[in-house]
Structures are given as structure tokens and as C-alpha cells.
Amino acid sequence: MTAAMQWLPAPTASGYADEWLRDRFINLRASDVPEQRILVVDIDETTLAEYPWPWSRDRLADLVETLMANGARGVALDILLEKPGQPGGDARLAMLARHGPLVLAQLFDFERQPVPLRGGVLIGGQPAPAGTGVPAYGYLGNHAGMAQAAQAGNIGVAPDADGTLRQLPMFTWYAGRHYPTLARALFDCCAGGAPLVGVDAGLMRIPYQRHWSAYSAANAAEVLDGSLPPARVAGRLVLVGSSALSIGDRLSTPLGASTAGLLVHAAALDTLLQRQAGLAPAPWPGRWLALGYCAALVLLLHYTLPRRAAAANALLLGASAMLWLALAYLIAPHDPRFSASGPLLTHLFLLGVAVPFQWQLSQRESRQLLGTLRQYVAREVVDELLRSGMKEPLAPKQLQVTTLVADMEGYTTQVESLPVEDAARLTTEFLDCLTRPVLEKHGTLDKYTGDGMMAFWGAPLPNPDHADLALDAAGLILREVQLMSERRQREGKPALKVRIGIESGLAMAGDYGTSFRSIYTAVGDSVNTAARLEQAARDYPCQLVVGEGTVARARRHQFTLLGERLLRGKEKPIQVYTLREPA
């Protein structure tokens, strides 16, 4: 999406978005540093109050001659002389334009008209093949008396579709010749210094580097009445035109909705002088920077989308969009053609499509995970699994776990004389006594074995406290069974006892089974040892027997050694322990 916005013709909406962003950047960046190389002489309302329009050609010639006498390097008129005036004034202007540093104006029309615009005589221009300038379809030139002028510049413009002038045709192609714009003609005529390189022959984006107030300006009345100090003119390139609503042209620019066309030519001339002085921003590969930024964003989201909440990813995209705006602000002066809105559109797409889609996937995975785990695992463990973003949390893994196996002592004797309903109730209440402590201590319920239960700690989430948590649960089980037994004895029923075996070590924990049925369980030597210890508990005066692995890993419990025991299926005896009673 970003690449298409950079290298393919932009849709209208995104084109407007790009230009809107660039306009904001221009307003933020525009400098108030005074421009000392250009003087704008404005035939403004103040001047017209003193010297009403229309002017005689003698008055216009007086204005130009005064500027040249005060040391102007060159003068460009943003005024079209389509009709002849007083012969004396026309002759003076023609002589200045032919032999002096005076650039006349001519206007090209860039829109196809039913009847092409034709008027006056075109001046200058160089033979050139088609494509070496912006094609024009009509023109207005000066009257024939000015045909021998040495140089003239185009004052016609081509605003964007929204009516804002952001680009100026540096050269216009018409009838086999190309013609410079007014600023370029004045520069080529009179700027001097190194030749200009790196300026497009077609449309040049005007960077509007300065606020209008930064350009040195004088009204024409000051020149005509001699009140303008010559020092303000000497050595400068002078643009003469009008900002008066009655005779001047007004244009919409990024710096204002109604700007005198004269100031647009001043901004273009400023740009040419900056490039000649080597002060123009160095070219950057803005399109590639935009593409690289979005590629990095996609890679980042590839990591964060499945691991972070939708809100967190939305905030990440918002922060990334703000960062891109800052980068685009820096890039804009260095690449006039890259699309600043392309990456923003990518951000919007990711926010509107990728984040909700990943959220939906996460919800589905969460429901599947919950459906499997809530039967076995404490709610807190499930919540932690969801927060962790663990890939395939139920897949078999080798982990350090502690296994607890518990069984009712003398179950057959307890239930053989009971009705089925009472036997079922006894079994359910007893298993409740075993299960509540396991879940309370964040254990994973493996399975029920009739009157018993198997549980483990350390899976599916690794937990360094797995041994102590299992021992805590064992203590709670003993207490709950004791309370249940006392309650039954008060009712005249036999006492209950539980046997518990606990061992720690490596085990494979995961979702095992077939396509018909599966279960989350743990298998391994330590699991088998815990089951053997539970069976061995009948031979000891205590109800809880703990293996060597658990003793080695427990940090909060004290133990009493019961001695050595050769368990069924083992080749060597092991040390067995029980919890030490608190003093």
C-alpha cells in the first residue's frame, strides 16, 4: 500500500491528504529571517491613492530607471504590456528591455480553451523538443514594440486541483520552443555567480521557505518620489508588481488563501538563489524511507499483535503515526515527490483491519484455551497464560514440575455398605477437599482416580516455586480432610484419612491424546515416583510422604526424614520425608 502511494499515481483523496500535510509542514517551517537579495516593489493601494491607475508608460519607465540608477542588479516586471502606450515611454522601456537588465512579462495559458488564447508577441524562448517544459495551449504577449526585448518571463501559473498554487512551471513549452518563468528569467539574466543546476525543467515545487513578511518590500510611491534609500535597492534583484485588488492577481498558497502573485515569484526566485548558493536541502530518498518505515512497522506489529492487547496495539500504531509525521516533516524539504500520507494510510489500514482481525483470532484462541484449561487450571494461571501470549501453551514441553498424588485411605471399606447416592456424595465431597487447595495454590488438575486425584505445579506456566506451592496445597488438603472427618464423626460416621505423595523433577507436560479425546497431563519418572510415594504412605504414621526431589527444591518448608525406601519399579532406595510439624 505504501509503495503504491509512492510510485503510482495517487488517488484524488490521498493526493489532497499529501498536499494538506505538506502545507502544514510549510507553515511550521517558514522562516522570518529577512531575505536580503530580493526587493519587492509593490504598486499597492497606498501607491494608487497617490498615483492612480492606469499609469502612463513614462511613469513605469521612470520607476524602472530609478531602480536601475539606485543599483538594482536586475528588474522584472510582473505587468503585461499587451497594448501600446505613449510612444516615448514605450521606447524607453523597449530600450531598457533590449539593452538593460529588465525582464518583461508574458503569460502562458495551461488550460485547453475552446478558442485558444492569442495576444501580443512572444519574446525569447529557445528551440526545444516536446517534453522539455510544461505544455501551454495559449498565450498573451507584449505589444509588437517590445518584440526586440532581450528577455521575458512567464507569469502564468498552474494551480493544483484544489486551487492552491504549490508548483511553478520553470519552463513552458509552446510551438517548439521553451520559455522560462519570470523568476528564472530574472535569475538567468542578472543573478550572476555559478550556473544553476538541479532545477526541474517542468513544474518545480515552491518550498515557500519564508513568511511573506521576511521579504524586503517597498511601495512604488517611495521609488517614484525618491524617498526610498538607494541602499535598499543596490545589489538586489527587484520584482515589480501589484498587490492591489483592483489591478493585481491574487492566488491561494500554502501560506495564505489570498496572496499577491508577485510574492509567489519572489518565493521562486528565493529558491533559485538558495540552490545556487548551495543552501538548498540535500536530496533524500523519501519514498524509500517511507517504505522502510512501514516495513519496520509491519515487522514490529507481526511481533506485537499476537502478544499484546488490541488497545496496546492501537496505542502503538498511534505513537508510530505521530513518529512518522515527525519524520515526514524532516523529509519533506528533501524530497518534493514522496507521499507523506502513504504510511498514514498504512497505519489506518492496520488499525482498522489488522488489529480487529488479530483481536478476533485472540478471542477465538482464548475461548479454545479456556475451554480446555478451565477444567484443570486455576483462573489466575489461565489469565497469566493469556497475558503471556505463549504460542501453543498446551503443546508438550519438558519442564520442572512437582506432582501431588492423593487418595482416600480405606475407600472400599467406607463405601461398601453405603447406598449408591451416599457413596457418590462422599466421593464428591472428598474430591472437593482435594481440588480446592490445588486450584487455590495455582496448581494444574491432572485427573481424578476414583477416590483420588493427581495434580502438578510448574506447567503449563513454569514456576520456580512449584515445590513449595505443592507442599502448601498438601497442608491445606490435610486440614480440609481433617475438618470433613471431624464433621462425619460428629454424625456417627467413620473417620476419613488421606494419603499424599509428592515428588519433583523433569516431566513432559502437555496435551496428549487422540483425535477422539485428549487431556492435559504430565508424564515422567517424577510423576510415577509421586504415585509410589502415595502408596507407600500406608506404611508410615504420617499421611504425607515427600520425595528427595521436592525436598531439594523447597525453600519455605522444613522436613523430617522417614528413612530409606525402595519403591516399586526402582532399582535403588530413596530417602523419603514428611513435613515437620511446627513447634
Side-chain angles (χ1 to χ4, degrees), residues 30-53 55-79 89 92-93 96-97 99-105 151 153 155 182-193 206 208-244 247-249 253 255-256 259-277 279:
S31 169
D32 289 317
V33 176
E35 164 54 61
Q36 303 292 344
R37 300 162 297 184
I38 301 170
L39 176 65
V40 176
V41 175
D42 187 9
I43 305 173
D44 60 1
E45 301 292 352
T46 302
T47 299
L48 295 180
E50 188 174 348
Y51 300 95
W53 196 265
W55 282 7
S56 68
R57 293 294 161 81
D58 283 318
R59 178 169 291 161
L60 190 57
D62 289 343
L63 179 70
V64 174
E65 287 174 348
T66 301
L67 290 169
M68 291 182 178
N70 286 340
R73 294 169 64 185
V75 179
L77 290 180
D78 185 17
I79 301 171
R92 291 165 63 194
L93 286 172
L96 289 169
H99 299 289
L102 175 62
V103 178
L104 299 180
Q151 55 268 320
I155 58 173
L182 186 68
R184 181 64 191 258
L186 179 59
F187 178 90
D188 290 342
C189 156
C190 311
I206 308 171
Y208 294 105
Q209 302 168 92
R210 304 175 200 273
H211 290 294
W212 301 132
S213 60
Y215 291 98
S216 181
N219 63 58
E222 295 179 273
V223 180
L224 292 172
D225 63 21
S227 62
L228 182 68
R232 290 189 58 191
V233 181
R236 297 194 184 198
L237 298 173
V238 181
L239 289 163
V240 179
S242 177
S243 66
I247 61 173
D249 55 335
T253 68
L255 291 178
T259 301
L262 179 64
L263 291 174
V264 173
H265 295 296
L269 181 58
D270 183 14
T271 301
L272 298 176
L273 291 170
Q274 289 290 92
R275 292 192 180 185
Q276 183 191 48
L279 300 176

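- Annotation: side chain of L263 is not in contact with side chain of L255 (no heavy-atom distance under 4.5 Å).
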- [ ] Could you give me the CA-CA distance, side-chain angles and deciding distance for V40 and H265, then say whether side-chain contact (heavy atoms from CB on, under 4.5 Å) is met?
- [x] CA-CA 10 Å; V40 176; H265 295 296; over 6 Å; no
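- The structure places CD1 of I79 at 5.5 Å from CG of L77, a figure rounded to the nearest 0.5 Å.
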Residues 230-238 side chain polar contacts: donor-acceptor under 3.5 Å, at least two apart:
residue: R232; atom: NH2; partner: A217; partner atom: O; Å: 2.7
residue: R236; atom: NE; partner: Q36; partner atom: O; Å: 3.3
residue: R236; atom: NE; partner: R232; partner atom: O; Å: 3.4
residue: R236; atom: NH1; partner: I38; partner atom: O; Å: 3.4
residue: R236; atom: NH1; partner: S216; partner atom: OG; Å: 2.9
residue: R236; atom: NH2; partner: Q36; partner atom: OE1; Å: 3.1

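- The distance from atom CG of L96 to atom CE of M68, rounded to the nearest 0.5 Å, is 5.0 Å.
- In this structure, V264 and Y208 have side chains that are in contact, with non-hydrogen atoms separated by less than 4.5 Å.
- In this structure, the side chains of D249 and D78 come closer than 4.5 Å at one or more pairs of heavy atoms.
- Taking the six-membered ring where tryptophan is involved, the planes of W55 and W53 are tilted, since the angle between them lies from 30° to 60°.
- The two residues A266 and Y215 have their closest heavy-atom pair at O-CE2, 3.9 Å.
- A donor-acceptor contact shorter than 3.5 Å is absent between the side chain of D32 and the backbone of A214.
- In plain terms, the two heavy atoms of L269 and F187 that are nearest each other are CD1-CB, 4.1 Å.
- When atom types are taken as modelled, the side chain of D44 and the backbone of N219 share no donor-acceptor pair closer than 3.5 angstrom.
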TODO: Begin with the C-alpha distance, continue with both residues' side-chain angles, and end with the deciding distance and a verdict on side-chain contact (heavy atoms from CB on, under 4.5 Å) for V223 and L67.
DONE: CA-CA 7 Å; V223 180; L67 290 169; 4.0 Å; yes
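- A pairwise comparison of heavy atoms in L102 and Q151 identifies O-NE2, 3.1 Å as the closest pair.
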Open item on the list: Please determine whether side-chain contact (heavy atoms from CB on, under 4.5 Å) holds for the pair L224 and T66, giving the CA-CA distance in whole Å, both sets of side-chain angles, and the decisive distance to 0.1 Å.
Closed with: CA-CA 8 Å; L224 292 172; T66 301; 5.7 Å; no
Task: side-chain contact (heavy atoms from CB on, under 4.5 Å) evaluation trace for L63 with V75 - done: CA-CA 10 Å; L63 179 70; V75 179; over 6 Å; no
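- Here the CG atom belonging to L228 is positioned 6.5 Å from the CG atom belonging to L39, to the nearest 0.5 angstrom.
- Atom CG of residue L239 and atom CG of residue D42 lie 11.0 Å apart, to the nearest 0.5 angstrom.
- A donor-acceptor contact closer than 3.5 angstrom links the side chains of D225 and S227.
- E65 places no side-chain N or O within donor-acceptor distance of the main-chain N or O of D62, the cut-off being under 3.5 Å.
- I206 and A268 make their closest contact through CG2-N, 4.3 Å (heavy atoms, listed as atom of the first residue, atom of the second, distance).
- The two atoms that bring P101 and C190 nearest to each other are CB-SG, 3.6 Å, heavy atoms only.
- For R210 (side chain) and V33 (main-chain N/O), a donor-acceptor pair under 3.5 Å exists by modelled atom type.
- Scanning both residues, L262 and V41, for their nearest heavy atoms gives CD2-O, 3.8 Å.
- For E50, there are no salt bridge (charged side-chain N to carboxylate O under 4.0 Å, His left out) partners at least two apart in sequence or on another chain.
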